[in-house]
There are 2 protein chains.
Amino acid sequence: MKKPIIVQKFGGTSVGSIENMHLVAKHIIKAKDDGNQVVVVVSAMSGETNRLLGLAHQVDSVPTARELDVLLSAGEQVSMALVAMTLNKLGYAARSLTGGQANIVTDNQHNDATIKAIDTQAITDLLEQDQIVIVAGFQGVNENGDITTLGRGGSDTSAVTLAGALKADECQIFTDVDGVYTCDPRVVPGAKKLDVIDFPSMEEMARKGAKVLHLPCVRFAWKNQVPLRVLSTFDVNAGSLIKGETGTQPICGLALQRDLALVTVDHDSLAALTAQCQMLGIEVWNVIEKAEWAGVVIKHDACAKLDLVFSNKIRNSEQVSLLTKVGLQAPELKEQCCALLAANNIGVEHVSTTSQSLMLMLSPQNIDKAANILHEAYIDSQLFVAVEAKHACSG
Amino acid sequence: MKKPIIVQKFGGTSVGSIENMHLVAKHIIKAKDDGNQVVVVVSAMSGETNRLLGLAHQVDSVPTARELDVLLSAGEQVSMALVAMTLNKLGYAARSLTGGQANIVTDNQHNDATIKAIDTQAITDLLEQDQIVIVAGFQGVNENGDITTLGRGGSDTSAVTLAGALKADECQIFTDVDGVYTCDPRVVPGAKKLDVIDFPSMEEMARKGAKVLHLPCVRFAWKNQVPLRVLSTFDVNAGSLIKGETGTQPICGLALQRDLALVTVDHDSLAALTAQCQMLGIEVWNVIEKAEWAGVVIKHDACAKLDLVFSNKIRNSEQVSLLTKVGLQAPELKEQCCALLAANNIGVEHVSTTSQSLMLMLSPQNIDKAANILHEAYIDSQLFVAVEAKHACSG
């Protein structure tokens, strides 16, 4: 019988020192000893990409895109070799492959390339020789054989795309947190780790500000039905598994997005404002129309760009934050939430709802307190119910 | 008319900082502006190879050879990208290529590979697009596409082999000295730079201890009739040109080789001793037979290896140095030299002569003084005569 294929991805902190690489090796070896075929995707050692970028910027404030990719891709080449050596030293056969050697072919968009195709033959040949295969994340080659890099979050993209191409049984993203939480635990100390979360809910969480996974990574895994697991390099627990289509997860969590701004205009300028955002490549988080004004929510640091070309029509811009409750919503929830927050002296500037999320626009200084109130009122209690129900089902 | 092709090689110190890379770029741009097609071979930034080796040795005292090559080859990838960026910034079209991208195919001997073939198509295509091509030295790929490295002096080998394959008009080795000197100027302050030196003499100089060029580099260039020029990254003079077959250069220089040992045995053990050296891969610099004893001259640090298996037959081993005068030798020179040194209280332990060299074995503490005496007596005076003759010819 064919052994399951597991793709494991380790980020920069995970391979940030030889000591940490030994922890990485333990996870790889466990997967191998459990009877899997293992393909590992690694980032550059933490700090290395910035060191290389620093050298490039000593040469040129805007270095040639092609050569910057050649430069940065050396970072993963170092870490993949060291991880392979570590496994070899521990008695496990392992080989490292650059993006090019792994036949990861991208478009020609240097510094922000998109993977077009992966010919997995080189990898499957090595797997058949019982090798553990270590692949450089974040990089590929274009059709001319020039080295390209994928841009931010690129190693996650490499991992899920490889998992899709290999028809892997699971793609494991190792990070420095041990799973997907109902809310950022630095904000809500009582946030709980979710054992399982469906793709639509995870996509909504990532889209509304949860940082644990990059949105394109979630979307790709969902589209290709690759079960995705988030877990910690520095821990042995099973993390969170993201799979399935249901989109009916009764509870999921709260996503926070800070550093936003509400830019308001007169109603008759709204169309021009949204068009301007699109032209400038500014993501619009929300469009709001009130009786007196209309506006868009955008990243705060995009305001300067917009001001340059549109300032004469802008009535006001103020910093705001978004707090999104993801999961199935009862119809009465919107009023309940606003009342509950009002009782705690927190004003809600705007509410948007979909069948799967309730998005509250708040003043930035209130978002942490609001998150704790809503988590206690809706997530903790539902979690309790959900755990009860699960026990009843499995009993 | 086809433009001349120049291959330029820059070592680790030359690309050791962004500041130095600007000096490198100046030399490249000069060659380009002079109407040449320019191919550049670069080493890793000085210190980088040792940094990477240090990481590998944290993992394993004997790291896997294949993975060590993957690791070390990242060093040249960084410097080649930075040199290409520097040229781009200065307005010159330049592209960098890894050993694999330049189609430098080696045998499978990881860490000490030999170049088997170079398909120059990728390079010539870029040259035809008027690009300056920057190639990673020291590295190639085997027939499976695995990264290999060439061992010490590898970037020089990359450069001359590329020059041979491209039928280049000249291969320029940039170092931190500005040419080939009649003797190491740190030993003989009056040593003179040679403008031209023929291949047989240069080969003899390199073989007998001159460090300016690696012996395999000289031999390859000679065999392929690639004119070789040694010059300094940190200077503008034309360096020394090595070319031609004559082997009749009346004067050339003095080569010094320290750190040797004379290992002596009884006559009837000499054959076994030389056989043992061959078996252990120990290079024999000289075989000496005297009335009382016989012996071999080997590297001092190879003695321990020899002691392990042969110590019971060794009569004595003592540290010695070799001072070799390279160039056409008058028959009476041998006695003259010994008499001259004896008059200065320097004993010569042994003399070997060929038509092109006179090799003196000395006690290590005498070699610097002896070099200065012979340089003054034979090189300075002949240099004067040679310069006179040259002026007479060109006049």
Side-chain angles (χ1 to χ4, degrees), chain A residues 15 17-19 21-22 25 44-45 48 51-52 54-90 92-98 100-103 122 125-126 134 136 141 144-147, chain B residues 15 17-19 21-22 25 44-45 48 51-52 54-90 92-98 100-103 122 125-126 134 136 141 144-147:
Chain A
V15 295
S17 67
I18 303 297
E19 205 177 357
M21 282 186 195
H22 274 93
M45 296 172 80
E48 182 63 4
R51 185 183 75 89
L52 294 171
L55 286 170
H57 288 141
Q58 277 184 58
V59 173
D60 196 341
S61 56
V62 188
T64 338
R66 180 192 185 277
E67 299 304 327
L68 188 60
D69 281 350
V70 174
L71 181 75
L72 295 182
S73 64
E76 289 82 37
Q77 194 167 320
V78 167
S79 54
M80 77 189 201
L82 292 169
V83 168
M85 274 179 205
T86 306
L87 290 165
N88 291 162
K89 167 78 176 171
L90 295 168
Y92 286 76
R95 295 260 178 97
S96 67
L97 298 176
T98 61
Q101 289 174 326
N103 298 312
D125 284 353
L126 288 171
I134 319 294
V141 288
N144 299 328
D146 294 326
I147 297 169
Chain B
V15 295
S17 66
I18 303 297
E19 205 177 357
M21 281 185 197
H22 274 94
M45 296 173 81
E48 182 64 3
R51 184 183 76 88
L52 294 171
L55 286 170
H57 288 143
Q58 277 183 58
V59 173
D60 195 342
S61 56
V62 188
T64 337
R66 181 192 185 276
E67 299 303 328
L68 189 60
D69 281 351
V70 174
L71 182 74
L72 295 182
S73 63
E76 288 82 37
Q77 195 167 319
V78 167
S79 53
M80 76 189 203
L82 292 169
V83 169
M85 274 179 204
T86 306
L87 290 165
N88 291 162
K89 168 78 177 173
L90 295 169
Y92 285 75
R95 295 261 178 98
S96 68
L97 298 176
T98 62
Q101 290 173 325
N103 298 312
D125 283 354
L126 288 171
I134 319 294
V141 289
N144 300 326
D146 293 326
I147 297 169

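In what follows, every chain begins at residue 1, and chains take the letters A, B, ... in the order their sequences are listed.
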Asks: Considering non-hydrogen atoms only, spot the tightest contact between A/Asn88 and A/Ala94 and give its length.
Replies: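 Closest heavy-atom pair between A/Asn88 and A/Ala94: ND2-N, 3.2 Å.
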Asks: Looking at A/Asp69, A/Val70, A/Leu71, which one forms a side-chain contact (heavy atoms from CB on, under 4.5 Å) with A/Glu67?
Replies: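 Among A/Asp69, A/Val70, A/Leu71, the one that satisfies the side-chain contact (heavy atoms from CB on, under 4.5 Å) with A/Glu67 is A/Val70.
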Asks: Going from CG on A/Leu55 to CG on A/Leu72, what distance comes out if it is rounded to the nearest 0.5 angstrom?
Replies: 10.5 Å
Asks: With a 4.5 angstrom heavy-atom cut-off, which part of B/Gln101 approaches chain A: side chain, backbone, both or neither?
Replies: side chain
Asks: Is it the backbone or the side chain of A/Gln77 that comes under 4.5 Å from a heavy atom of chain B, or both, or neither?
Replies: both
Asks: At a heavy-atom separation under 4.5 Å, does A/Ile147 approach chain B through its side chain, its backbone, both, or neither?
Replies: both
Asks: Who wins among A/Met80, A/Glu19, A/Arg51 for the most heavy-atom pairs under 4.5 Å with chain B?
Replies: A/Arg51
Asks: Can you tell which part of A/Ala122 gets under 4.5 Å to a heavy atom of chain B, answering side chain, backbone, both or neither?
Replies: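 Neither part.
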Asks: Tell me, for A/Leu68 versus chain B, whether the close heavy atoms (under 4.5 Å) come from the side chain, the backbone, both or neither.
Replies: both
Asks: Where on A/Leu52 is there a heavy atom nearer than 4.5 Å to chain B: the side chain, the backbone, both, or neither?
Replies: side chain
Asks: With chain A, which of B/Val141, B/Val62, B/Val78 has the greatest number of heavy-atom pairs at distances under 4.5 Å?
Replies: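 Heavy-atom pairs under 4.5 Å are most numerous for B/Val78.
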Asks: For the CG atom of B/Leu90 and the CG atom of A/Asp60, what is their distance to the nearest 0.5 Å?
Replies: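 Rounded to the nearest 0.5 Å, the CG-CG separation comes out at 9.0 Å.
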Asks: Counting only heavy atoms closer than 4.5 Å, note whether A/Ser73 contacts chain B via side chain, backbone, both or neither.
Replies: both
Asks: Measuring from B/Met85:CE to B/Met21:CE, what's the distance to the nearest 0.5 Å?
Replies: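 Result: 10.0 Å between the selected atoms.
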Asks: Rounded to the nearest 0.5 Å, what's the gap from CG on B/Leu97 to CG on A/Asp146? Could you check?
Replies: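 Reported to 0.5 Å precision, the distance equals 8.0 Å.
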Asks: Supply the atom-to-atom distance A/Ser96 OG to B/Arg66 CZ, rounded to the nearest 0.5 angstrom.
Replies: 5.0 Å
